[in-house]
Amino acid sequence: MTANPSLRDAGLGTLTAPPALPAVLPGATFVDPASADAVRAHLDNVLPALDSLRSQSGRLAAWGVELAQRLLRGQRLLAAGNGGSAAEAQHLTAELVGRFDGERVPFSAISLHAESSALTAIANDYGYDDVFARQVRAHGRSGDVLILLSTSGKSPNLLRAADVAARLNVTTWALTGAGPNPLADACHEAVMIDALNANAQEGHLIALHAICRAFDLEVARHTPAQVPGRATGGRP
């Protein structure tokens, strides 16, 4: 009996082992020159992303302050992205529901892409372009904030979410790569990072942490000082 090749093996073709690395002295690490150059180039390209963010630091601070004021009034943050941007949006909501640096009360923040059952049901019934828009219709209330992350600024599901949010009087902010781009145009405000996509995405995390700095400072201005060793709410 002749075994049929698996689908996986059928698409791989003939694989060859990589060449052996040259011998190195004990305790030394071999670094391929091309790989080292690629890493240095990537790290060098972080600098334009940082410069782009620094030029928009005022907007990041304003977002942090406004977000704190709204959430202190009982509004909510909704966040969404695709792929790596989804992970970063979820990072932000975790900082708000949990904490950033200091102890403080939790705030309402939902990552729409993390609602896996809702997301897959909506994608199955309505199509992937509607996975965020329908959730914004469900959760969004006037005065809430929706933050959308995309390095390309072209994702149809984020554009539809921005459109629905605008009709519900939900404020929309975009974190994108280089502009102009459709998502930045569709949102009320945007921070566009003028850098390569990978470096822009790294810049997004820095931007989110910067927003959290301003957010926590504004929250501290409006809440009583915490008693050391005492929880702010819920179980200790």
Side-chain angles (χ1 to χ4, degrees), residues 41-67 70 75 77-93 109-113 119 123 127-137 139-140 142-215:
H42 178 85
L43 296 177
D44 288 342
N45 285 326
V46 173
L47 299 178
L50 289 174
D51 289 340
S52 183
L53 278 175
R54 184 178 292 275
S55 70
Q56 301 173 84
S57 59
R59 172 158 288 176
L60 293 173
W63 283 5
V65 170
E66 182 173 352
L67 185 61
R70 293 195 186 206
Q75 309 302 144
L77 173 73
L78 305 177
N82 296 289
S85 295
E88 296 201 345
Q90 195 166 347
H91 188 118
L92 174 61
T93 58
I110 299 174
S111 291
L112 302 180
H113 53 273
L119 186 142
Y128 194 71
D129 287 355
D130 281 329
V131 293
F132 300 137
R134 190 166 180 86
Q135 291 188 76
V136 171
R137 284 179 59 192
H139 299 303
S142 178
D144 287 349
V145 175
L146 171 67
I147 187 165
L148 302 169
L149 289 81
S150 170
T151 54
S152 71
K154 299 177 182 178
S155 302
N157 54 11
L158 300 182
L159 291 169
R160 290 197 184 184
D163 178 65
V164 169
R167 287 186 269 130
L168 294 173
N169 195 35
V170 171
T171 297
T172 51
W173 296 339
L175 267 177
T176 74
N181 60 72
L183 184 60
D185 292 339
C187 290
H188 293 103
E189 294 184 11
V191 168
M192 294 172 279
I193 300 180
D194 191 11
L196 298 175
N197 277 357
N199 301 110
Q201 192 164 76
E202 291 160 349
H204 287 173
L205 180 57
I206 296 172
L208 295 177
H209 280 170
I211 291 169
C212 288
R213 292 281 179 205
F215 179 93

Inset, instruction - Specify the closest pair of heavy atoms between Q75 and D144, including all atoms of both residues, with the distance to one decimal. - result: NE2-OD1, 3.2 Å
Legend entry - CA sep, side-chain torsions, deciding dist, call: L175, L208, side chain to side chain contact (heavy atoms under 4.5 Å, CB included): CA-CA 9 Å; L175 267 177; L208 295 177; 3.6 Å; yes
Inset, instruction - Please tell me if the side chains of L119 and H113 come closer than 4.5 Å, counting only heavy atoms from C-beta onward. - result: yes
Inset, instruction - Nearest 0.5 Å please: distance from the CZ atom of F215 over to the CG atom of L92. - result: 9.0 Å
Legend entry - Minimum-distance pair of heavy atoms, taken over all atoms of L149 and S85: O-CB, 3.4 Å
Legend entry - Donor-acceptor under 3.5 Å (T172 side chain, H188 main chain): yes
Inset, instruction - Check H204 against T176 and note the closest heavy-atom contact, atom names and distance. - result: NE2-O, 3.1 Å
Inset, instruction - Please list, chain by chain and in numerical order, all residues satisfying side chain to side chain contact (heavy atoms under 4.5 Å, CB included) with S152, sequence neighbours excluded. - result: S150, K154, S155
Legend entry - side chain to side chain donor-acceptor pair (under 3.5 Å) partners for W173, two or more places apart: none
Inset, instruction - Specify the closest pair of heavy atoms between L148 and A162, including all atoms of both residues, with the distance to one decimal. - result: CD1-CB, 3.9 Å
Inset, instruction - Looking only at non-hydrogen atoms, find the nearest pair between R70 and G143 and report the distance. - result: NH1-O, 2.9 Å
Inset, instruction - Kindly compute the distance separating CZ (R160) from CG (D130), expressed to the nearest 0.5 Å. - result: 4.5 Å
Inset, instruction - Nearest 0.5 Å please: distance from the CD1 atom of I206 over to the CD atom of E88. - result: 9.5 Å
Inset, instruction - State whether the side chain of N199 and the backbone N or O of H42 hold a donor-acceptor pair below 3.5 Å, judged by distance alone. - result: yes
Inset, instruction - Report the distance from atom CG of L158 to atom CG of D129, rounding to the nearest 0.5 Å. - result: 10.0 Å
Inset, instruction - Say whether N169 and S142, considering side chains only, have a donor N or O and an acceptor N or O under 3.5 Å apart. - result: yes
Legend entry - Any donor-acceptor pair under 3.5 Å from Q135 side chain to L112 backbone: yes
Inset, instruction - Mind checking the CG-CD1 spacing from L53 to I193? Nearest 0.5 Å is all I need. - result: 4.0 Å
Legend entry - Polar side-chain atom of Q56 near backbone of S52 as donor-acceptor pair, under 3.5 Å: yes
Inset, instruction - Mind listing the closest non-hydrogen atom pair of D194 and A178 along with its distance? - result: OD1-CB, 3.8 Å
Legend entry - L67 CG to T171 OG1 distance, which is reported to the nearest 0.5 Å: 10.5 Å
Inset, instruction - For the pair I110 and T93, evaluate side chain to side chain contact (heavy atoms under 4.5 Å, CB included) and give the outcome as yes or no after the intermediate values. - result: CA-CA 6 Å; I110 299 174; T93 58; 5.8 Å; no
Legend entry - Residues forming a salt bridge (Lys or Arg N to Asp or Glu O under 4.0 Å) with E202, sequence neighbours excluded: none
Inset, instruction - Please examine the side chains of F132 and L146, heavy atoms only from C-beta on, and report whether any two atoms are closer than 4.5 Å. - result: no
Inset, instruction - Would you check if H209 and L205 make a side-chain contact, meaning some heavy-atom pair closer than 4.5 Å? - result: yes
